[in-house]
Amino acid sequence: MMAFMGLATLAVLAAMVVGVIWLARRSSFAGRSEQGEKGEDVLRRRYAAGEIGDDEYRQRLATLRGRPTEPGPADTTDRKGNPQP
């Protein structure tokens, strides 16, 4: 009986340690993508690379910051920023 209680105590302590580690990791990665980048960082990188245009950048940035904008004209540029018909 004492052996069972000792093992149960160890199991509870191990579960508590695992839970604390899980919570710490979960809270430290909040708001980050799989690569560890924040949303605004990803957006800036995509804009700098020419993957998205000015209008789309501004609209997505406002959305990320909690200030959605009115829908404007569609972004008619390709990935390099060249106008499309």
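Separation of atoms CZ (R45) and CD1 (I52) is listed at 10.0 Å; rounding is to 0.5 Å. Within the model, atoms CZ of R44 and OH of Y57 stand 5.0 Å from one another, a figure rounded to the nearest 0.5 Å.
Grouped by direct or indirect side-chain proximity (heavy atoms under 4.5 Å, Ile/Leu/Val/Met/Phe/Trp/Tyr only), V17 sits with I21. M2 forms part of no hydrophobic cluster, judged by ILVMFWY side-chain heavy-atom separations under 4.5 Å.
Residues forming a side-chain contact (heavy atoms from CB on, under 4.5 Å) with L64 (at least two apart in sequence, or on another chain): E40, L43. Take L7 and apply the side-chain contact (heavy atoms from CB on, under 4.5 Å) test, not counting sequence neighbours, and it matches no residue.
Side-chain contact check for Q59 versus D55: every heavy-atom pair is 4.5 Å or farther apart. Looking at Y47 and L61, their side chains never come closer than 4.5 Å, going by heavy atoms from C-beta outward.
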